[in-house]
2 protein chains.
Amino acid sequence: MPRGEAPPEPRVPPQTVEEFRDRLHALNGQLPRRLQQCADHVATHLDRIALSTVAQVAQGAGVPPSAVMRFCQIMGFTGYAEMQRLFRKALSHAAPDYATRLANLKAGGVGQPATLVAEFVEAGRQSIEALARDLNETALNQAVTTLAQARTIHLAGFRRSFPVASYLAYVFDKLGVPAVLHDGVAGLGHRSTLQPGDALLAITFAPYSEETLALVAQARDRGLPVVALTDPPASQLAGVADTILTVTEIDFGAFRSLSAVIALALALAVAVAARRET
Amino acid sequence: MPRGEAPPEPRVPPQTVEEFRDRLHALNGQLPRRLQQCADHVATHLDRIALSTVAQVAQGAGVPPSAVMRFCQIMGFTGYAEMQRLFRKALSHAAPDYATRLANLKAGGVGQPATLVAEFVEAGRQSIEALARDLNETALNQAVTTLAQARTIHLAGFRRSFPVASYLAYVFDKLGVPAVLHDGVAGLGHRSTLQPGDALLAITFAPYSEETLALVAQARDRGLPVVALTDPPASQLAGVADTILTVTEIDFGAFRSLSAVIALALALAVAVAARRET
DNA sequence: GCGAAAATGGAATATTCGTTCTATTGCTGG
DNA sequence: CCAGCAATAGAACGAATATTCCATTTTCGC
């Protein structure tokens, strides 16, 4: 082993998954080939560790099991077992008895109110996880840029998209971002308010509502940028919107929980507000 | 071994957690003492099986390990290992690489749009899981009964509760349930529409909005039942609402994802519609 | 290129954990 | 009260798996 400068090879193992990630990141680039392979594979499959054996991780990384063992020790653990303990604890704490509780709610029987709650909870959770999985970061960044540059943001969303649009109006107001909610009250649109320098944020799901499509077309005619928040496939909007953000919302029965759309919309709003302040 | 009538001891193991629960339920009551202890413990700690050893399950149930083994075989598995495989598969499919993806999104850095999405996703998921955990079934059933008996349902919800109220208005409309959204357009309430036989569903979070409280008081004066959808502690509403449904909504920054409230509201709406039809 | 030190792969070993076996206990029906 | 059977507990066994060790290869400084 080298004499003078000892690389910070810690004797205390990471206590949380966060710490683990940090240490992994710090080590990146200064590892021998096989250990780097381990690091790469582990980084992209963090969740598998809790349920995999050394041999499986090794095969996944394309290295012999002994390399995985050395990797564990580099990370500060005494061995694979200790490392796995960390991830198992994280996994079991993540869902303490959520699954059981859900099953109990459902056990009441179809049609029972509690069962319905369980179904919508399940749909909401799946939608939200799908959002995290499928988020298009490029489109999101582009949307933020577009909206941050706009003088006024116009919000379009009718029928089941209306709650989202109205919540955005509330949030933008709180954040001090000029936004107009096109709510169709009194049968008149605010179409004349679409002015140069503005942008349109349209929230709409198939089948797209007439009003929203009309507003999008109008904005397009006047040369305003259009950001669409919709569900895949966004076929009809592909030609007319500059930026398309898609969200897969799982629905139970005929109705959607809107969880994923709202989460995305909120993040978008906060990011836009932050960008405008700088 | 016995000769003639073989008890229905299945040779094919349950393929899903659902099937597992069914078989467990079917066996209930006709098991010897120790096996029943196993069944009870497993039923209430379904989620632990994936990560526990035989010895741990046995200790939890207060039986020797061999009793757990016999229980596994009664359930149709060849042994504990096979049973555990079922739950591990369920666990890993539930969160395929969701956790990793979330961490990756967050890794972008504070203030990045993608990181914000991750935060709101996290908040939404926690809210939704909290709903499943803390749902008060009694209050829910009572709310359904109250609203199902109403001639017309009045919806109150302003500011950040407005999206929920407006979504409920949309859903009730689709379901053919008479509902009025008190949206405050033109500064006039629809107060005069509060008629005998109606009911009020108020959605409001602390700090409660003036308009909602006023509407609740008015309904109360006229003797109409009031159902409140709010966050704990519902101190101010305790005296004035007949039924109180609480939802703990985790917020990130100053904003809430509304996931849990919407899930509960949707379930409530569908349950009410179903009850009215019968 | 040569030598030392690090890295590597694979076999040997230790440990943990599931599974089986059997003696004993506790029932149940005659 | 006794025979017969089911249920049980604990110990012994065996398979799976983590861990260590060492011979070989690779890398890097001189």
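Note that the structure is predicted; figures quoted are calculated from it, not measured. Quick note: numbers below take in every heavy atom, side chains included, and nothing from hydrogens, waters or symmetry partners. Per chain, numbering begins at 1; letters A, B, ... match sequence-line order.
For the atom pair CD (A:Glu19) and CZ (A:Arg23), the distance works out to 6.5 Å, reported to the nearest 0.5 Å.
For A:Leu35 and D:dT26, the CG to C1' distance is 14 Å, given to the nearest whole Å. B:Gln37 places its CD atom 13 Å from the C1' atom of D:dA9, with the value rounded to the nearest Å. Straight-line distance from the CZ atom of B:Arg33 to the P atom of D:dA9: 7 Å, rounded to whole Å. Taking atom CD of residue A:Gln84 and atom C1' of nucleotide D:dA18, one finds them 10 Å apart after rounding to whole Å. In this structure, A:Glu82 atom CD and C:dT16 atom P are separated by 14 Å, rounded to whole Å. If you measure from atom CD of B:Gln59 to atom P of D:dG10, you get 14 Å, rounded to the nearest angstrom. Atom C1' of nucleotide C:dT8 and atom CD1 of A:Ile74 are separated by 13 Å, given to the nearest angstrom. Distance, A:Phe71 CZ to D:dT20 C1': 19 Å, rounded to whole Å.
The side chain of B:Arg34 lies closest to D:dT8 when the candidates are D:dT8, D:dT20, C:dT8. Out of C:dT8, C:dG18, D:dT19, the shortest distance to the side chain of B:Met69 is found at C:dG18. When distances run from any side-chain atom of A:Thr53 to the nucleotides D:dT17, D:dA7, C:dT20, the shortest one goes to D:dT17. Comparing C:dT19, D:dT20, C:dT8 against the side chain of B:Ala81 picks out C:dT19 as the nearest.
At a threshold of 4.0 Å, the pair B:Arg125-B:Glu122 counts as salt-bridged, since one of the basic side-chain nitrogens sits closer than that to a carboxylate oxygen. Salt bridge absent: A:Asp251 and A:Arg160 never bring a charged side-chain N and a carboxylate O closer than 4.0 Å.
OP1 and OP2 of D:dT19 both lie 4.0 Å or more from every side-chain N or O belonging to A:Gln73. Residue B:Arg70 places at least one side-chain N or O closer than 4.0 Å to OP1 or OP2 of D:dT8.
Ring planes of A:Phe20 and A:Phe77: tilted class, angle from 30 to 60°.
Remark: side-chain polar atoms of A:Glu249 are not paired, donor with acceptor, to backbone N or O of A:Asp231 under 3.5 angstrom.
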